[in-house]
Amino acid sequence: MEEAFIDTSYMRYYIIKDKRVLRDSYIPDSLPGREEQIFRFSQIMADLLSDQPPNDVSFVGKPGTGKTAVVKHVTKKFKEEYPKLRAKFVYVNCSQATTAYRVLYQLNRSLQVLVPPSGYPFDVLRDKFVDAYSSSNVRLVVILDEVDLLVKRDGGRLIYMLNRLNYDLPQNLSISMVVISNTIDFLERLDPRTRSSFEPDRLIFPPYNQPQLYRILRQRADLGLKLGTWEDEALQFIAAKVAQESGDARRAIDILRMAAEIAENERSDRLTVRHAEMALQSVNEEEVAITIRTLPLHHRLIMLAITDLLEKREARPGTGRIYEEYKKRANRYGVTPLTMRRVSGILRELEAQGLVEIQMDYGGARGNTKVVRRMALPPKLMKELLRNLGIR
DNA sequence: TATCCACCGGAAGATGGGGTAT
DNA sequence: ATACCCCATCTTCCGGTGGATA
């Protein structure tokens with residue numbers, strides 16, 4: 001009981017020196033393993049130094065392959081080294097601005113034009129943007145991160161529009177685009193009109209391999225952890241595991257952070273392989289818990305239906321069966337169930353969020369359906385998480 | 001080889017909730 | 001109050017689809 005009066009805060013950060021460094025949002029001064037991409041992107045942007053409009057560029061690669069980091073790194077370098085450069089970089093994350101209207105809203109804001117976040121006709125926003133930009137004196141580089149999300153809704157209408165503006169702009173102005181996407185086939189998903197007029201240089205971001213991941217972790221450990229508080233083998237272990245499963249640097253860094261936290265909570269003075277092993281487990285759980293918490297009610301009810309079917313070892317947990325079970329639960333919950341068409345779509349959404357693994361089952365005369373192979377966590381654990389949210 | 005199952009997923013439109021302008 | 005805008009979510013409609021089966 002006396003312990004309650006002991007101030008333990010002084011030992012809370014026994015291992016961690018700077019927590020920010022252990023988050024993936026932190027952009028270090030050098031990006032291990034992405035030297036080539038940095039070089040090529042810088043080369044393309046170097047046209048700005050001779051006052052030429054740079055080519056459009058597309059960054060393609062899976063999550064956690066350094067796309068955003070590279071773009072931020074290089075644009076930052078340009079701003080620092082050439083403060084008088086006649087150019088402006090505007091970064092827009094399309095996961096926040098999923099429509100053409102909202103991206104345009106952001107672009108306007110970056111030019112100090114205040115427009116309402118909704119309610120205006122699209123064309124008015126476009127005209128305001130064109131007016132404002134025409135009276136400026138810098139070349140514009142628009143960076144559209146997670147552009148897949150925008151293209152999915154808008155089909156490339158905004159890209160087309162921005163591209164076309166170049167024909168009406170005076171010689172000293174230009175709009176270049178850097179589009180960043182997770183999927184390779186996103187260029188094909190543009191509508192034909194856009195595709196024929198938009199041909200960016202492509203930069204590929206392959207998954208990180210083990211040595212690269214090790215270098216990344218080493219860098220973070222050097223910057224974010226106290227000297228001599230971690231075992232090199234722990235970093236090697238994380239690098240090996242992540243290289244094998246995904247090559248996702250974000251994940252590797254997450255695991256390192258979690259391992260450090262676990263070690264500290266144990267009052268251990270060193271981060272060991274054992275901590276890394278434990279972290280590997282809890283990172284998954286933490287991630288799933290976070291995504292589930294943001295799920296709307298019907299998504300949760302569907303998750304619960306799937307959980308029960310998997311627990312019962314249902315032979316064919318396809319859309320039809322899931323829908324039946326979901327409907328029962330919705331009624332029990334006092335909400336009117338959605339249609340099967342919608343539930344079918346939600347299953348794809350849950351898949352995209354990494355909560356379930358789906359496979360098509362071509363059953364011949366038994367018909368075709370999507371079948372849930374497994375979930376991100378064992379059904380029992382998943383049920384527990386749902387229960388904590390009041391879903392049962 | 002034709003049939004047929006049990007869905008799939010695109011397209012389009014309804015719904016309701018956010019907003020602005022007059 | 002009225003007439004517009006934007007937009008995410010959901011429903012309605014409907015032409016596919018792959019392979020087991022007859």
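Hydrogens, waters and symmetry mates are skipped; everything else that's a heavy atom, side chains included, is used. Just so we're on the same page: letters track the sequence lines, and every chain starts at 1.
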Would you please confirm or rule out a distance under 4.0 Å between OP1 or OP2 of [N] and any side-chain N or O of [X]?
X        : N      : result
A:Thr98  : C:dC7  : no
A:Thr339 : C:dT11 : yes
A:Ser344 : B:dC7  : no
A:Arg153 : C:dA8  : yes

- line: Between A:Arg321 and A:Arg341, the residue closer to the 5' end of DNA chain B by nearest nucleotide is A:Arg321

Heavy atoms from C-beta onward define the side chain here; which of [options] lies closest to that of [X]?
X        : options               : result
A:Asn368 : C:dC7, B:dA6, B:dG19  : B:dA6
A:Thr99  : B:dG9, C:dA8, C:dC10  : C:dA8
A:Phe122 : C:dA20, C:dC6, C:dT17 : C:dC6
A:Lys370 : C:dT9, C:dT21, B:dG9  : B:dG9
A:Met340 : B:dC7, C:dC10, C:dT12 : B:dC7
A:Tyr120 : B:dA21, C:dC6, B:dG9  : B:dA21
A:Tyr362 : C:dG19, C:dC7, C:dC13 : C:dG19

Value in whole Å for how far the [atom2] atom of [N] lies from [atom1] of [X]:
X        : N      : atom1 : atom2 : answer
A:Arg348 : B:dG9  : CZ    : C1'   : 9 Å
A:Arg342 : B:dG10 : CZ    : P     : 13 Å
A:Gln96  : C:dA8  : CD    : P     : 13 Å
A:Asp123 : B:dT20 : CG    : P     : 19 Å
A:Asp154 : C:dA8  : CG    : P     : 11 Å
A:Gln359 : C:dT17 : CD    : P     : 20 Å
A:Arg126 : C:dC5  : CZ    : P     : 15 Å
A:Arg366 : B:dC4  : CZ    : C1'   : 14 Å

Thinking salt bridges, do [X] and [Y] make one under a 4.0 Å N-O criterion?
X        : Y        : value
A:Glu311 : A:Lys380 : no
A:Lys19  : A:Glu261 : yes
A:Arg316 : A:Asp361 : yes
A:Arg348 : A:Glu351 : yes

Please table the atom pairs, donor to acceptor, closer than 3.5 Å between any side-chain atom in residues 115-124 of chain A and protein atoms at least two apart or in another chain.
none

